[in-house]
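Worksheet: one structure, shown below.
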Protein chains: 2
Amino acid sequence: MEQLWAADGALTVREVHERLAGTRDLAYTTVMTVLDRLAKKKLTERERDGKAWRYKAAAPREEMAADLMRDALDRAGDRREALVRFVGQVSDEEAALLRDALARLEAREG
Amino acid sequence: MEQLWAADGALTVREVHERLAGTRDLAYTTVMTVLDRLAKKKLTERERDGKAWRYKAAAPREEMAADLMRDALDRAGDRREALVRFVGQVSDEEAALLRDALARLEAREG
DNA sequence: AGCATCTACTACGTAACGTCGTAGACGGCT
DNA sequence: AGCCGTCTACGACGTTACGTAGTAGATGCT
């Protein structure tokens with residue numbers, strides 16, 4: 001149900017429901033409940049728009065992924081070991097991306 | 001229930017149960033069920049030892065963490081962006097560890 | 001044969017999640 | 001004013017995962 005991230009800005013329940021109508025046949029209230037629960041979990045923010053709520057992702061998909069990676073790392077015990085294993089699993093391309101990201105970080109922080 | 005990783009090698013249900021007896025007051029069968037379920041999920045391997053099973057972690061805690069990090073990354077959409085955000089969240093020390101791990105990888109793979 | 005040990009199977013409560021329905025509030029149109 | 005459509009709030013149900021545990025039955029030692 002997180003294809004809401006695929007959509008762009010802040011959407012109302014109706015809009016999300018309409019966008020989903022093509023691929024999935026969901027009740028309007030289903031979409032509502034999900035959006036509401038996401039909001040409760042702070043994964044989504046909402047603001048009033050007339051009588052309706054307008055939802056938008058609290059953080060982009062990529063931020064969520066990064067958060068999950070952090071969580072995983074935090075449960076590792078030996079961080080060094082976990083990181084070593086992680087980069088060992090990663091594709092060459094991803095390793096390059098990582099190096100790049102680290103380089104940028106260094107540049108930004110000195 | 002994953003303090004089984006804290007223990008070292010392959011343990012039988014009874015042994016795990018005994019080790020846990022100090023901190024948690026669990027029924028023998030509880031330990032058994034958990035170990036069995038972990039085995040079903042391939043998180044643990046078991047081999048016969050007389051009539052008993054002897055369980056050992058299929059992968060160390062750190063490997064599991066690395067796997068989770070991979071999973072998270074795979075759900076990211078834009079990997080580059082996710083990695084950038086991830087290194088942005090990471091502590092200086094962890095960034096250093098990461099750099100180190102990448103350097104080793106490079107050395108090993110050419 | 002009897003007893004201890006161990007496994008397999010089942011069960012129960014709780015929690016999260018996807019799915020949905022009903023009830024009620026609010027605003028526009030006639 | 002009264003009806004109708006739109007939207008929300010809240011509750012509900014099935015499924016799955018998980019922690020906990022009991023019972024039944026196999027197996028092996030004495």
Side-chain angles (χ1 to χ4, degrees), chain A residues 1-7 9-59 61 64-65 67-68 70-72 74-77, chain B residues 1-7 9-59 61 64-65 67-72 74-76:
Chain A
M1 277 314 294
E2 331 272 315
Q3 36 253 60
L4 322 175
W5 271 254
L11 298 179
T12 167
V13 174
R14 178 144 304 276
E15 288 164 351
V16 175
H17 184 231
E18 277 163 7
R19 295 189 185 216
L20 257 37
T23 32
R24 318 187 45 169
D25 190 22
L26 291 180
Y28 179 91
T29 49
T30 299
V31 177
M32 224 186 60
T33 304
V34 171
L35 250 21
D36 195 50
R37 291 219 268 236
L38 289 174
K40 283 208 181 85
K41 285 194 303 183
K42 301 295 174 60
L43 293 179
T44 218
E45 293 164 2
R46 58 186 212 172
E47 88 201 37
R48 270 254 122 87
D49 178 14
K51 58 183 163 177
W53 288 107
R54 190 162 281 280
Y55 292 81
K56 79 178 213 291
R61 215 188 182 81
M64 225 184 65
D67 287 349
L68 288 176
R70 259 235 68 77
D71 288 351
D74 285 344
R75 274 194 233 92
Chain B
M1 277 315 294
E2 330 272 317
Q3 37 254 57
L4 322 174
W5 270 252
L11 297 179
T12 166
V13 174
R14 178 145 304 274
E15 288 165 350
V16 175
H17 184 231
E18 276 162 12
R19 299 195 181 213
L20 258 37
T23 32
R24 317 186 48 167
D25 189 22
L26 291 178
Y28 179 91
T29 49
T30 301
V31 177
M32 226 186 58
T33 305
V34 170
L35 250 19
D36 194 52
R37 291 218 269 237
L38 289 174
K40 284 209 180 86
K41 284 193 302 181
K42 303 290 173 63
L43 294 179
T44 219
E45 294 164 1
R46 57 185 210 171
E47 91 203 33
R48 269 256 124 84
D49 177 14
K51 59 182 163 179
W53 287 108
R54 190 164 279 282
Y55 292 81
K56 78 178 212 291
R61 214 188 182 80
M64 224 184 67
D67 286 350
L68 288 176
M69 289 173 69
R70 258 236 69 77
D71 288 351
D74 285 344
R75 273 193 233 94

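Lettering follows sequence order; numbering is per chain, from 1.
With sequence neighbours excluded, the residues forming a side chain to side chain contact (heavy atoms under 4.5 Å, CB included) with B/Ala39 are B/Thr44, B/Arg46, B/Tyr55, listed by chain and number. Taking B/Lys40 as the reference, B/Asp36 meet the salt bridge (Lys or Arg N to Asp or Glu O under 4.0 Å) condition, with sequence neighbours excluded. Residues that satisfy the side chain to side chain contact (heavy atoms under 4.5 Å, CB included) test with A/Ala57, not counting sequence neighbours, are A/Trp5. A search for salt bridge (Lys or Arg N to Asp or Glu O under 4.0 Å) contacts involving B/Arg54 returns B/Glu15, B/Asp49, not counting sequence neighbours. By the side chain to side chain contact (heavy atoms under 4.5 Å, CB included) test, A/Asp74 is found to be paired with A/Arg70, A/Arg79, residues two or more places apart in sequence or in another chain being considered.
Phosphate contact (OP1/OP2 of D/dC18, side-chain N/O of B/Lys41, threshold under 4.0 Å): present. Note on A/Tyr28: every side-chain N or O is 4.0 Å or more away from OP1 and OP2 of C/dG21.
Nucleic acid contact for B/Lys40: none, since no nucleic acid atom lies under 4.0 Å from a heavy atom of the residue. Residue contacts shown for B/Arg54 are absent, as no nucleic acid heavy atom lies under 4.0 Å away.
The distance between atom CD of B/Glu15 and atom P of C/dC6, rounded to the nearest whole Å, is 9 Å.
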Output one letter per nucleotide in nucleotides 20-30 of chain D: B when a protein non-hydrogen atom lies under 4.0 Å from the base, S when only the sugar-phosphate is that close, - when neither is. BBBB---B---
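Nearest to the side-chain atoms of B/Arg14 among the listed nucleotides D/dT8, C/dA8, C/dC6 stands C/dC6.
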